[in-house]
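Since the structure comes first, as structure tokens, the remarks are kept for the end.
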Amino acid sequence: MKSHHQVALSVLTLCISQQLYAQTNINEANAVSDVQASTELTSNSAANSSSDETPNVTLDTINVTAKARTGTALAQKISEMPAVTQVITESEIQMQATGNRTTGDILAQLIPSLGTSSGSTSNYGTTMHGRPVQFLLNGVPLSGSRSLSRELNSIDTSQLERVEVLSGATSIYGAGASGGLINLVTKSLVGYGPIRQTRVGVSSSRDFDSDSFGYIVGQTLGYGGERAYGRLDVDYETKGGKFDSKGDRVSPDVNQTDQQDTESLSVNGSLGVELTDTQRLDLAATYYKDKQDTDYGPDYGDNLQVLLKPEDAPPSLKAVDGANVENQPYTEKSSVNLNYSDDDFAGSGSSLSVTGYYRNEKGRFYPSGKTAGDQAAEVWQANGLTDEIALKKLKSAATFVTQSEAEIEVMGLRAAMQTETEIAGKNTLFSYGVDVERENSEQTYYGQDLNTFIASNGLTAQTNGLTYSGGPDTTIDKWGAFVNADVDLTDKWHTSAGVRYQKLKSETDTFTPIYEQLLEEYFNSAAISGTSAAYGIDYQAGDVEKGNTDHDKVLFNLGTSYQITPKDQLFANFSQGLDTADIQRALRDVRAGFVVNSDNVQPIATNNYEFGWQGKHGDTAARLSGFYNESDKTVRFTNDYTVEVVDTDERVYGVEGSFSHDINEQWQVGGSVAYTRGQYDKDGDWLELDAVRLTPLKGTAFAQYNFDEGSNVRLQALAIGGDDKAFKDQQKDPDSSALPVTGYMTLDVLGQVKMPVGRVDYGVYNLLNKDYLTVYHQTTYGDLNRLPASGTTYGLSYTVDY
């Protein structure tokens, strides 16, 4: 895959693209906040916000000017977009980011319908409206057909200028956004003169244990001239161990890895030049890497009982000192986004924008046990061994230790035009364009020496030179074309309609499935070969031949919004989203002879309906919406390792709302609530979807006091409701893995103190030292994943601009 790098960068030098700019202005007459932005959700900001700005906690209506530099997206005002839309500002991010808070922690607090943070490196199971979210970084897709579930582990939070959120399915952005879009926009500089900023910070557990200490240092340098600008942000961070509410160090997450004992480097750079009064060229680049270096491993119990006989030995979930992992987990990402825009293309008055982007992601997971016992039992039984006691003993020998490593490479090009005109006397804005993208992915399991692992009781992991396929090397090509019209029917009534044609093709190389390799190794091992020979078993791993899939789909969107009073607006929207199967992951566990074709793996289209109201009355702003979405297909794996597309209808519905109120010039209060439910059709019965798919009932609340000199303090809460409906309901489904959720609530105190020079930020998280498990740790994987959340943690930082 490395050979594609030079090609990708060469293409990028020829790409031209768009910019998205944001600038907030308060209209005193109607308290409407105007933010110049693009619903392309790409690229950099137009203004460098003051670091001393008081966080804006009101829910002002957000408008986007028609002249905003947009690309392949809707260009109407965000306030008129018939969907739930939110822009999280730099000041809001600053307040939440002190200490070792992750992007997932921050977004879970500020986005009503987004799933809670996992408390690990992964954002697996993080959905909106019960559907997948497409994450972007400066418009470069972080979510693809192949996902390592580390999209939110891509940039240091101090380098974010804003986060743009569009919830609900969309046909505008192509595949992968049935639940919505979240675009992380990094900081840039437009203006005159130099900027310099230095950041330092520390974090610790409740007991100030030395193993829990972490720190961060960062530096920003930038300069803006009359026609050109440049900016560079560099942040280095270390994180210590994780301690629960009892003060015990928590075991590493052996399934998706975590952030304990990691060092990270985050770099954000941008360059821009105004070629003419209407033409602009901008380059944004990011690099992020974190790597774990820990001496602690999981407690597998005496003689690895937790791993080998989990039914007899529940895990302690405490970390054990003395781990020696040869290849520690890491995440490494780089992205490049080259943009060109022309607000008056060829003197026509139309806007042209073209975006070229490239992303590379690598990730390594924690070594973990893997068993092929069930697959081995099938072979034994097929060859005449049926004694249950003998099978149980033989199955236990089919144990392996592996470590997964993956690489994903994405490059794409998007081009769009926007033309303003009048149709029947109505102001109309047409947006139309095309986009192409190629994604390459590969994943490998590296075998670990089993004897060394057993002798160390699971603390030492050293490679044994064997490798296994984590699925086929896969190439996915996406082509799309769209047209969208935004029409002002009256000065109060706006409508939007569009259509998109999406084509998806994939090619998979010939590969040997991992269970084929493991079974060959197992049946030919010294411990088993004698017995397997007695039963005439000479197992040879088989292959899955290369294959391809080819699908296309026409997607529609239609929405409207109406200003029923100067202070109230209604909106309604229908849109279609498209999700592609993670083909490489889906094929990982199949057996030899499986055929990869369009019938076995199909994309899933989602119909999404929304209706809502938002308004601002005096010092109170609020928003309320309801949603319903449905799909009529899902990809299911059968017991004989085949994949079939079945007619399993799914429906998801719910409500979400948020409000804020200015009690006076100092006090502000607010909160949000999101309630989501959903079912799937199982043999004519509607069974509840589990919490891996749906966020349980979630609520947030805050009270903030702003001091006259610019300091502030905030008390905030996040609550999750308990739910066992899916667990009880899915007893009717033998393939179900649903688990009950126990509700919890956490409190945080955080704030900012304006100093004579600079600013101090502080945070006390899980203030009451609540003993709880995140939804992710309650509902995914096995007992080794029932890891407690952090107890009370502290964060303190100092920022100075000069």
Side-chain angles (χ1 to χ4, degrees), residues 17-22 35 37-46 48-49 71 73 78 85-97 101-111 114-115 117-118 121-123 126 128 132-144 147-167 173 176-177 179-188 218 220 231 233 235 237 264-270 282-290 331-337 339 355 357-361 410 412:
S17 181
Q18 71 200 31
Q19 281 300 308
L20 178 133
Y21 297 99
V35 179
S38 152
T39 52
E40 162 79 10
L41 302 179
T42 62
S43 200
N44 304 313
S45 72
N48 183 46
S49 301
I78 289 183
T85 304
Q86 182 179 1
V87 175
I88 299 172
T89 65
E90 179 183 352
S91 57
E92 291 175 295
I93 297 169
Q94 285 176 351
M95 172 166 277
Q96 299 285 338
R101 297 273 279 180
T102 66
T103 304
D105 295 330
I106 296 171
L107 298 186
Q109 186 73 42
L110 300 179
I111 301 175
L114 186 69
S117 174
S118 69
T121 297
S122 174
N123 48 263
T126 302
M128 288 198 304
V133 180
Q134 186 178 80
F135 294 99
L136 305 99
L137 180 63
N138 293 328
V140 177
L142 292 171
S143 307
S147 173
L148 301 185
S149 299
R150 299 183 181 185
E151 288 88 349
L152 295 181
N153 194 37
S154 300
I155 196 76
D156 190 275
T157 54
S158 65
Q159 297 174 4
L160 293 176
E161 195 272 340
R162 68 182 180 277
V163 177
E164 300 161 338
V165 184
L166 177 63
S167 62
Y173 298 94
L181 291 143
I182 296 179
N183 185 41
L184 311 176
V185 182
T186 58
K187 294 177 181 178
S188 64
T220 294
R231 180 187 179 114
D233 302 289
D235 287 271
E237 181 177 10
S264 64
L265 176 66
S266 183
V267 181
N268 166 54
S270 57
D282 290 88
L283 175 69
T286 66
Y287 175 80
Y288 178 87
K289 183 173 183 179
D290 67 35
T331 302
E332 184 176 14
K333 298 184 180 183
S334 57
S335 70
V336 181
N337 188 3
N339 310 298
T355 303
Y357 59 87
Y358 170 79
R359 174 174 67 89
N360 181 266
E361 176 180 3
V410 178

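In this text, all values refer to a predicted model and were calculated from it rather than measured experimentally.
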> Passes side-chain contact (heavy atoms from CB on, under 4.5 Å), Y288 versus S264? Steps please.
Replying inline: CA-CA 7 Å; Y288 178 87; S264 64; 3.9 Å; yes
> Among side-chain atoms of N123 and S149, is any donor-acceptor pair under 3.5 angstrom?
Replying inline: no
>> Donor-acceptor check, side chain of K187 to backbone of G269, threshold 3.5 angstrom: yes or no?
In response: no
>> Checking T331 now: which residues fulfil side-chain contact (heavy atoms from CB on, under 4.5 Å) with it, not counting sequence neighbours?
In response: T121, R150, N153, D290, K333
>> If we ignore hydrogens and angles and just use 3.5 Å, is the side chain of N337 paired with the main-chain N or O of N138 as donor and acceptor?
In response: yes
> Can any side-chain N or O of Q86 pair as donor or acceptor with the backbone N or O of L110 at less than 3.5 Å?
Replying inline: yes
> Looking only at heavy atoms, which two atoms of R162 and I93 are closest? And how far apart?
Replying inline: CA-CD1, 4.0 Å
> Could you state the interatomic distance from CG (L184) to CG (L137), rounded to the nearest 0.5 Å?
Replying inline: 6.0 Å
>> Assess the residue pair V163 and N183 against the criterion (side-chain contact (heavy atoms from CB on, under 4.5 Å)); give the C-alpha distance rounded to whole Å, side-chain angles, the decisive distance to 0.1 Å, and a yes or no.
In response: CA-CA 6 Å; V163 177; N183 185 41; over 6 Å; no
> If you round to the nearest 0.5 Å, how far is CD1 of I182 from CG of L152?
Replying inline: 7.0 Å
>> Side chains of Q94 and S91 only: does a donor on one sit below 3.5 Å from an acceptor on the other?
In response: no
> Just by distance, with hydrogens left out, do T103 and T157 show a side-chain donor and acceptor under 3.5 Å apart?
Replying inline: no
>> Do N339 and D282 pair up side chain to side chain, a donor and an acceptor below 3.5 Å, judged on atom types alone?
In response: no
> Between Q134 and L181, which heavy-atom pair has the shortest distance, and what is it?
Replying inline: OE1-CD2, 3.0 Å
>> With side-chain contact (heavy atoms from CB on, under 4.5 Å) as the criterion, how do Q96 and Q109 come out once you've worked through the C-alpha distance, each side chain's angles and the decisive distance to 0.1 Å?
In response: CA-CA 9 Å; Q96 299 285 338; Q109 186 73 42; 3.9 Å; yes
>> If we count only N and O atoms by modelled type, under 3.5 Å, do the side chains of D105 and S117 hold a donor and an acceptor together?
In response: yes
> Which heavy atom in D235 sits nearest to a heavy atom in G218, and how many Å separate them?
Replying inline: OD1-CA, 3.3 Å
> Heavy atoms, side chains only, cut-off 4.5 Å: are R359 and V336 in contact?
Replying inline: no
>> Quick one: does any side-chain atom of S143 pair with a main-chain N or O of F135 as donor and acceptor, under 3.5 Å?
In response: yes
> If only atom types and distance count, is the side chain of E361 paired as donor or acceptor with the main-chain N or O of E332 below 3.5 Å?
Replying inline: no
> Residues two or more places apart in sequence or in another chain: which of them pass side-chain contact (heavy atoms from CB on, under 4.5 Å) with S118?
Replying inline: S120, Y776
>> Assess the residue pair V133 and L114 against the criterion (side-chain contact (heavy atoms from CB on, under 4.5 Å)); give the C-alpha distance rounded to whole Å, side-chain angles, the decisive distance to 0.1 Å, and a yes or no.
In response: CA-CA 9 Å; V133 180; L114 186 69; 4.3 Å; yes
>> Just verifying a value: how many Å separate T102 OG1 and L107 CG, rounded to the nearest 0.5 Å?
In response: 8.5 Å
>> Give me the atom names and distance for the closest heavy-atom approach of Q159 to V267.
In response: OE1-C, 3.8 Å
> Given T220 and D233, is the side chain to side chain donor-acceptor pair (under 3.5 Å) satisfied, shown in steps?
Replying inline: CA-CA 4 Å; T220 294; D233 302 289; 2.5 Å; yes
> Roughly how far apart are E161 CD and R231 CZ, rounded to 0.5 Å?
Replying inline: 9.0 Å
